[in-house]
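Got a structure for you, questions after.
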Amino acid sequence: MDRPVELPAMAMALPAQPGPASAPGKAARYGWYVVGVLVLAYIAAFLDRQILSLLVGPIKRDIGISDVQIGLLQGLAFAIFYSTCILPAGWLVDRFNRRNILAMALAIWCLMTIACGLSRSFPELFMARMGVGIGEAVLGPAAFSLISNYFAKARLPLAISVYSIGGSLGAGLAYIFGAFAERMAAPATAALPFLQGFAPWQAAFFIVAAPGFAISLLILTIREPARARVAGAQGGPSLRAFLSPRSRFLAHYCLGIGLLTSVSYANMAWIPAMFERTYGWATADTARWLGLMMLVFGTAGILAGGMGAIRLSRRHADATLRLAAIIALVLAPICLVAAIAGNPYLSLALYVPFTFLSTSFVSLGPTAIQLITPDALRGRVNGIALMLVNIIGISVGPLVVALLTDHLFGREAMLRWGLGIGSGLLSLTAGLCLLTGLSAYRRVLRDASDIEEA
């Protein structure tokens with residue numbers, strides 16, 4: 001799952017003057033209203049991002065592209081600009097009106113979703129998917145910056161957790177609403193004049209994009225809070241001086257968490273097509289089941305991962321990454337067996353623990369980075385780490401599955417083997433990478449502790 005980005009606004013102190021974060025009662029309730037609106041924006045992002053996975057068959061048929069090209073559209077085309085635009089997006093939200101920037105970005109990515117539906121070739125669809133990534137890159141930095149001004153430090157972790165759960169809710173609703181849009185698209189092309197002449201898959205893009213425009217207007221109802229004063233960084237370490245002695249840990253972290261993230265993206269991208277090719281299930285039927293799983297077990301997984309890390313930290317200082325490594329190693333055989341089960345209902349049953357485990361690690365990586373990074377560098381270090389994790393996580397998984405299906409097995413019907421072996425190997429590699437990086441993580445944790453004591 002694509003995670004929210006933490007940028008310099010998170011390193012700001014609370015407003016020195018009276019503002020939303022310092023007023024009790026009514027202001028606190030308004031802060032939760034802001035979080036609710038941002039969760040809706042997060043859901044809109046997943047709707048526009050995930051609809052492609054429900055339309056693989058008709059897009060391949062009408063445009064004449066391969067599984068590898070579908071993998072590029074679902075991964076690399078989106079990941080390039082989504083990941084590389086994270087840092088400039090943070091620069092924008094730190095300097096201009098965050099509410100207005102976010103409302104504009106949401107409208108832009110919805111327009112680019114419509115452009116996906118208007119595409120008639122692979123290059124056009126590739127460029128449109130890039131545009132979706134550019135718009136969605138603003139959401140994380142803007143959301144975290146706004147939330148940090150509306151909540152006191154004691155309540156900020158809870159507010160961030162609720163917003164993060166929106167990712168799980170968004171993925172689940174994306175499947176459910178996307179299936180609904182894909183199913184209603186065919187009669188809509190005949191019933192609605194403005195959709196006549198478009199294929200059902202094109203109409204589905206238009207239908208999915210529509211709620212985002214309403215949410216962009218809702219974002220404009222958010223009051224732009226007073227800017228927090230940035231804590232002075234004089235005497236603090238430079239970014240290069242901080243990163244250099246921690247390069248080994250960061251390499252293990254980015255590769256391990258990135259590959260583990262790619263397992264989620266690989267399965268989100270290809271499970272609907274796998275059920276269609278293997279069991280003849282309609283994409284909409286598979287999507288509804290996956291959506292319900294994500295809503296229930298995905299949300300539970302996010303909460304369980306954080307609680308599990310707290311309990312494990314009583315015995316192990318490296319609890320966050322240790323638990324992420326365990327999750328990855330346990331997930332590997334589940335990925336394989338769930339895909340190649342041979343029975344659709346057994347496969348669905350196995351995707352329940354998969355959904356729980358593949359969401360339970362999402363808060364662990366960011367927590368590990370927080371624990372080793374001083375406040376003055378937190379935004380930049382998280383930005384760099386999350387940019388690399390996103391590039392690996394979004395682009396590698398869908399493409400690896402497509403390459404195995406097209407070039408190792410050579411038949412579309414073998415997608416279940418490409419998905420099972422591909423995601424299983426990615427998960428195993430992620431677990432081993434995180435395990436071998438634990439000693440480096442313990443060392444940088446000690447360094448962080450020494451800096452605090454000094």
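Keep in mind that what you see is a predicted model, and the values were worked out from it rather than measured.
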Once you round to the nearest 0.5 Å, how far does CD1 of Ile340 lie from OG1 of Thr278?
11.0 Å
In chain order, what residues pass the side-chain hydrogen bond (donor to acceptor under 3.5 Å, both in side chains) check against Thr113, with sequence neighbours excluded?
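With neighbours one apart ignored, the set is Asp48.
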Could you state the interatomic distance from OG (Ser423) to CD1 (Ile271), rounded to the nearest 0.5 Å?
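So the OG of Ser423 and the CD1 of Ile271 are separated by 8.0 Å.
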Please work out whether the ring planes of Tyr351 and Phe354 are parallel, tilted or perpendicular, with thresholds of 30° and 60°.
perpendicular
Could you go through the side chain to side chain contact (heavy atoms under 4.5 Å, CB included) check for Met127 and Ser121 one step at a time?
CA-CA 10 Å; Met127 294 296 292; Ser121 66; over 6 Å; no
Polar side chain donor-acceptor pair, Thr320 to Tyr441, under 3.5 angstrom
yes
Chi angles and distances behind the side chain to side chain contact (heavy atoms under 4.5 Å, CB included) call for Ile392, Thr261:
CA-CA 8 Å; Ile392 296 170; Thr261 303; over 6 Å; no
Would the distance check show the side chain of Ser247 and the main-chain N or O of Ser244 forming a donor-acceptor pair, the cut-off being under 3.5 Å?
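Such a contact is found between Ser247 side chain and Ser244 backbone.
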If a pair satisfies side chain to side chain donor-acceptor pair (under 3.5 Å) and one of its residues is in residues 329-340, list it, with sequence neighbours excluded.
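Non-adjacent pairs meeting side chain to side chain donor-acceptor pair (under 3.5 Å): zero.
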Can you pull the salt bridge (charged side-chain N to carboxylate O under 4.0 Å, His left out) pairs that have at least one residue in residues 268-282, sequence neighbours excluded?
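Residue pairs with at least one partner in residues 268-282: Asp67-Arg277.
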Summary of ring pair (Phe, Tyr, Trp, His ring centres under 6.0 Å) pairs that have at least one residue in residues 105-125, sequence neighbours excluded
Phe122-Phe126
Do side-chain atoms of Ser216 reach the backbone of Ala107 as a donor and acceptor pair under 3.5 angstrom?
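Side chain of Ser216 to backbone of Ala107, a donor-acceptor pair under 3.5 Å: no, none is there.
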Under the ring pair (Phe, Tyr, Trp, His ring centres under 6.0 Å) definition, can you give me all pairs with a residue in residues 386-407, not counting sequence neighbours?
none
Using the salt bridge (charged side-chain N to carboxylate O under 4.0 Å, His left out) criterion, which residues pair with Arg442? Sequence neighbours excluded.
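Salt bridge (charged side-chain N to carboxylate O under 4.0 Å, His left out) list for Arg442, sorted by chain: Asp318.
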Value rounded to 0.5 Å, distance of CZ in Arg416 from CD1 in Ile421
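It comes to 10.5 Å.
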Can you tell me how far apart CG (Leu331) and CG (Leu357) are? Round to the nearest 0.5 Å.
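Reported to 0.5 Å precision, the distance equals 5.5 Å.
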